[in-house]
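Single-structure report; data block below.
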2 protein chains.
Amino acid sequence: MKEISVKNKVKITRIEKGKMTQIELANLVGVTRQTMNLIEAQKYNPSIRICLLIARFLEKPLDELFWIDD
Amino acid sequence: MKEISVKNKVKITRIEKGKMTQIELANLVGVTRQTMNLIEAQKYNPSIRICLLIARFLEKPLDELFWIDD
DNA sequence: GTATCTTGTAATTTATAATTGACATTTGGA
DNA sequence: TCCAAATGTCAATTATAAATTACAAGATAC
């Protein structure tokens, strides 16, 4: 069981942002919906490239979307 | 030859920040100096966890240190 | 000019991110 | 209530980040 210390608020931000679905955001970013689902569920550590693309499409700064939970 | 579109200013920020060496920053973050070297050279896409730790120790926001070059 | 610390890089291995395909459950609208 | 879209999750594979070991090139101090 791997412990992931990086937290995010991608899911609530996506939903707040209108009716964008996981699939739509995944397509915009260029990942599969499974990957987006795991990111939203905070099951692992995505790459900075994916995080930057998510931040771009959700129109939020990185630091607001991702942080370390310690 | 893999093209990495994520740019960063980790190296100049580290040097500006005093006399911190690559090895010291790598140790703080908890990666090897080779990994830190590759990140500074923008040879690949690090994880958000590593980027958050770098930002913490360099005392800069993520968005200031990492961006997408397109 | 030589010893030492720092950095760049390369080849190999290991860990894990990300994909693919599939199925079950939940949600919301007609 | 029924149907379809959206989400959660799993197992297996592929791609790539990160570690390890090692050596060479620059820099700095003596």
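Fair warning: this is a prediction, and the values are worked out from it, not measured in the lab. All chains are named by letter (A, B, ...) in the order of the sequence lines, taking the proteins before the strands, and each is independently numbered beginning at 1.
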Review point. Within less than 4.0 Å of OP1 or OP2 of C:dG8, is there a side-chain N or O belonging to B:Gln22?
Key: yes

Review point. Are A:Met20 and A:Leu28 side-chain neighbours, meaning at least one heavy-atom pair lies under 4.5 Å?
Key: yes

**Study point:** Main-chain N/O of A:Ser47 paired with B:Asn45 side-chain donor or acceptor, under 3.5 Å
**Key:** no

Practice item. Round to a whole Å and report the spacing from CD of B:Gln42 to C1' of D:dT16. Key: 18 Å

Check your understanding: Would you say the side chain of B:Ile39 lies within less than 4.5 Å of the side chain of B:Tyr44, judging by non-hydrogen atoms?
Key -> yes

Check your understanding: Do the side chain of B:Glu64 and the main chain of B:Pro61 share a donor and acceptor less than 3.5 angstrom apart?
Key -> no

Practice item. Report the distance from atom CE of B:Met20 to atom P of C:dT6, rounded to the nearest whole Å. Key: 13 Å

Check your understanding: Does the distance from a Lys or Arg side-chain N to an Asp or Glu carboxylate O, for A:Lys17 and A:Glu59, drop under 4.0 Å?
Key -> yes

Practice item. Summarise protein proximity over nucleotides 20-30 of chain D in one line of letters, 5' to 3': B for base, S for sugar-phosphate only, - for none, counting protein heavy atoms closer than 4.0 Å. Key: BBBB-------

Review point. Which sits closer to the 5' end of DNA chain C, A:Lys19 or B:Asn37, going by the nucleotide each is nearest to?
Key: B:Asn37

Study note, to complete from the structure: Double-helix bend of the helix from C:dT6-D:dA25 to C:dA30-D:dT1, axes at both ends from 5 pairs, round to 10°, gives 60°

Check your understanding: Under 4.5 Å between any side-chain heavy atoms of A:Leu25 and A:Thr21, yes or no?
Key -> no

Point to revise | Nearest-angstrom distance from the residue atom CG of A:Asn45 to P of C:dA18 | key: 9 Å

**Study point:** Check ion pair A:Arg14-A:Glu40 (N to O, under 4.0 angstrom)
**Key:** yes

Practice item. Could you say whether B:Pro46 or A:Glu24 is positioned toward the 5' end of DNA chain D, judged by the nucleotide with the nearest heavy atom to each? Key: A:Glu24

Point to revise | First of B:Met36 and A:Ala41 reached from the 5' end of DNA chain D, by closest nucleotide | key: A:Ala41

Point to revise | Close approaches to DNA chain D from residues 48-69 of chain A, in residue order (heavy atom, under 4.0 Å) | key: none

Review point. Measuring from B:Phe57:CZ to B:Asn27:CG, what's the distance to the nearest 0.5 Å?
Key: 10.5 Å

Check your understanding: Does OP1 or OP2 of D:dA18 have a side-chain N or O of B:Ser47 closer than 4.0 Å?
Key -> yes

Revision key, fill the gap. B:Thr21 has its side chain closest, among D:dG8, C:dT7, C:dT9, to C:dT7

Check your understanding: Rounded to whole angstrom units, what separation is found between the CG atom of A:Leu38 and the P atom of C:dT19?
Key -> 10 Å

Practice item. Indicate, with a heavy-atom threshold strictly under 4.0 Å, whether B:Lys11 touches base, sugar-phosphate, or nothing. Key: sugar-phosphate

Exercise for review: Indicate yes or no for a side-chain donor-acceptor contact from A:Gln42 to the backbone of A:Asn8 under 3.5 Å, with no hydrogens or angles considered.
Suggested key: yes

Exercise for review: Using whole Å, report how far CG of A:Leu25 lies from P of C:dA18.
Suggested key: 14 Å

Review point. What's the NZ-P distance between A:Lys43 and C:dA17, to the nearest Å?
Key: 13 Å

Check your understanding: Hey, does the side chain of B:Thr13 reach the backbone of B:Lys9 with a donor-acceptor pair shorter than 3.5 angstrom?
Key -> yes

Review point. Within the distance-only criterion (no hydrogens, no angle test), does the side chain of A:Asp69 pair as donor or acceptor with the backbone N or O of A:Val6 below 3.5 angstrom?
Key: no

**Study point:** Spacing between A:Tyr44 atom OH and D:dA17 atom P, to the nearest angstrom
**Key:** 13 Å

Exercise for review: Report yes if some heavy atom in the side chain of A:Val29 is under 4.5 Å from a heavy atom in the side chain of A:Ile50; otherwise report no.
Suggested key: yes

